[in-house]
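A note on names: the letters A, B, ... follow the listed sequences, proteins ahead of strands, and every chain is numbered from 1.
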Protein chains: 2
Amino acid sequence: MEPHEPDLAAVPVTAVLAALADDVRLQIVRALAEGGEAACGSFDFGVSKATRSHHLKVLREAGLTRTRAAGTSRLVRLRRDEVDQRYPGLLDAVLAPRPPA
Amino acid sequence: MEPHEPDLAAVPVTAVLAALADDVRLQIVRALAEGGEAACGSFDFGVSKATRSHHLKVLREAGLTRTRAAGTSRLVRLRRDEVDQRYPGLLDAVLAPRPPA
DNA sequence: GGTGTTGTTCGAAAGTTGTCGAACAAGGGT
DNA sequence: ACCCTTGTTCGACAACTTTCGAACAACACC
């Protein structure tokens, strides 16, 4: 089955925000923003692979990432341009390094 | 008891995003961004007053709004400057009118 | 004091989410 | 063919969210 990667315009804002409103997922997005394309397995943030797979699905279905198969792996990348076009400044605001709490 | 209005720097990004990731709350924020200070009761988005009170609490505790008493009412306002300082572009990105889905 | 308006808090119900282990599927090696 | 690696899916469970009505608190006004 083809992965479900909706047009960003078809995803409600609240779904995009909800996708970003999780610590694990935010770390994944941060890693993708810095490192470009990466395999699912490279996101080891202390959760099981089932959980990781779930989070990647949430990001994908929120229109934030794309996934393509590559051998036994799957490579994930951020849909940066599209997100920036529809929500200019959002990723910058969310991912920017911030003064410590 | 004084309303709990944390310093924005003390609120995790994910909590801010989660606060915005709800339809009712986003409508409230939108109304505040356009109309300035407003009484709680002015946000009639088809939910009961108990629910409305809950959502305003979430926004307040995410550091997004301030509330002050005024007679029998409570006036709510967006902490726009502070939010813009800590998350430059976030509110603009989220509240901007968007091309229809 | 009593009455009405405005909000908050409580308790409960329904739904959603994050998490896991186990089972499964698809590829690449040897 | 066999196994190992990499991910996805399933079923379950706990925790959190959204929502409501009802009860309560605070204030204003007659």
Side-chain angles (χ1 to χ4, degrees), chain A residues 1-6 11-32 35 37-78, chain B residues 1-6 11-29 31-32 35 37-77:
Chain A
M1 172 180 62
E2 280 306 307
H4 180 212
E5 289 174 357
V11 179
V13 200
T14 47
V16 174
L17 292 170
L20 295 170
D22 177 278
D23 242 312
V24 175
R25 289 195 294 266
L26 203 48
Q27 289 181 80
I28 293 175
V29 171
R30 219 181 283 278
L32 287 173
E37 207 170 35
C40 301
S42 67
F43 311 112
D44 191 350
F45 299 118
V47 294
S48 73
K49 62 180 179 173
T51 302
R52 192 190 320 148
S53 196
H54 162 69
H55 286 308
L56 287 168
K57 182 179 179 185
V58 172
L59 289 172
R60 185 169 9 97
E61 294 187 342
L64 293 171
T65 59
R66 278 191 204 287
T67 304
R68 67 189 179 91
T72 84
S73 300
R74 273 156 187 276
L75 297 180
V76 184
R77 68 182 196 284
L78 195 56
Chain B
M1 174 180 60
E2 278 307 306
H4 182 211
E5 288 174 357
V11 179
V13 200
T14 47
V16 174
L17 292 169
L20 294 171
D22 176 278
D23 242 312
V24 175
R25 290 195 293 265
L26 203 49
Q27 289 181 79
I28 293 176
V29 171
L32 287 173
E37 207 171 35
C40 301
S42 67
F43 310 113
D44 191 350
F45 298 119
V47 293
S48 73
K49 62 181 179 171
T51 302
R52 193 190 319 150
S53 196
H54 162 70
H55 286 307
L56 287 167
K57 183 179 178 184
V58 172
L59 289 172
R60 183 166 13 95
E61 294 186 343
L64 292 171
T65 59
R66 277 192 205 285
T67 304
R68 67 188 178 92
T72 85
S73 300
R74 275 156 186 275
L75 297 181
V76 184
R77 69 181 194 286

Original post:
Taking the nucleotide of DNA chain C with the closest heavy atom to each, which residue, B:A50 or A:R52, is nearer the 5' end?
Top reply: B:A50

Original post:
Can you tell me how far P of D:dT6 sits from CG of A:L75, to the nearest Å?
Top reply: 13 Å

Subject >> Criterion side-chain contact (heavy atoms from CB on, under 4.5 Å) on A:D23 and A:F45, from CA distance to verdict >> reply: CA-CA 10 Å; A:D23 242 312; A:F45 299 118; over 6 Å; no

Original post:
Between B:S48 and D:dC20, is there a side-chain N or O to OP1/OP2 distance below 4.0 Å?
Top reply: yes

**OP:** Identify which nucleotide among D:dG7, D:dT18, C:dT8 has an atom closest to any side-chain atom of B:H54, counting heavy atoms from C-beta outward.
**Re:** D:dT18

Original post:
How is A:V47 classified with respect to the nucleic acid when contacts are heavy atoms under 4.0 Å: base, sugar-phosphate, or nothing?
Top reply: sugar-phosphate

**OP:** Rounded off to whole Å, could you give me the CG-to-C1' distance for the A:L56 and D:dT9 pair?
**Re:** 14 Å

Subject >> Protein-nucleotide distance (B:E61, atom CD; D:dT18, atom P), rounded to Å >> reply: 13 Å

Original post:
Counting any heavy atom closer than 4.0 Å, what does A:A69 reach on the DNA or RNA strands: base, sugar-phosphate only, or nothing?
Top reply: nothing

Original post:
Taking atom C1' of D:dT8 as reference, at what distance in whole Å does atom CG of A:L59 sit?
Top reply: 16 Å

Original post:
For B:T51 and D:dC20, is the shortest distance between a side-chain N/O and OP1 or OP2 below 4.0 Å?
Top reply: yes

Original post:
What is the nucleic acid contact for A:S73, judged by heavy atoms within less than 4.0 Å: base, sugar-phosphate only, or nothing?
Top reply: sugar-phosphate

Original post:
Quick one: on DNA chain D, does B:V58 or B:K49 contact a more 5' nucleotide (nearest heavy atom)?
Top reply: B:V58

Original post:
Reckon B:H55 has a side-chain N or O less than 4.0 Å from the OP1 or OP2 of D:dT17?
Top reply: no

Original post:
For B:E37, what residues pass the side-chain hydrogen bond (donor to acceptor under 3.5 Å, both in side chains) criterion, not counting sequence neighbours?
Top reply: B:R68

Original post:
What residues, two or more places apart in sequence or in another chain, satisfy side-chain hydrogen bond (donor to acceptor under 3.5 Å, both in side chains) together with A:S48?
Top reply: A:T51

Original post:
NZ of B:K57 versus C1' of C:dC10: gap in Å, rounded?
Top reply: 11 Å

Original post:
For A:S53 and D:dT8, is the shortest distance between a side-chain N/O and OP1 or OP2 below 4.0 Å?
Top reply: yes

Subject >> Close side-chain approach of B:T14 and A:L26, heavy atoms under 4.5 Å >> reply: yes

Original post:
Rounded to whole angstrom units, what separation is found between the CZ atom of A:R74 and the P atom of C:dA26?
Top reply: 10 Å

Subject >> Distance in angstrom units between B:R68 CZ and D:dA26 C1', rounded >> reply: 17 Å

**OP:** Over all heavy atoms of both residues, which pair between A:R25 and A:A19 is shortest? Give the atoms and the distance, please.
**Re:** NE-O, 2.7 Å

Subject >> Atom-pair distance (NE2 on A:H4; P on D:dG7), nearest Å >> reply: 22 Å

Subject >> Close side-chain approach of A:T65 to A:L56, heavy-atom, < 4.5 Å >> reply: no

Original post:
Near DNA chain C, which residues from residues 20-28 of chain A have a heavy atom under 4.0 Å away?
Top reply: A:D22, A:R25

Original post:
Do any N or O atoms from the side chain of A:E5 and from the backbone of A:T67 form a donor-acceptor pair under 3.5 angstrom?
Top reply: yes

Subject >> Worked verdict on A:L32 versus A:V76 for side-chain contact (heavy atoms from CB on, under 4.5 Å) >> reply: CA-CA 8 Å; A:L32 287 173; A:V76 184; 3.9 Å; yes

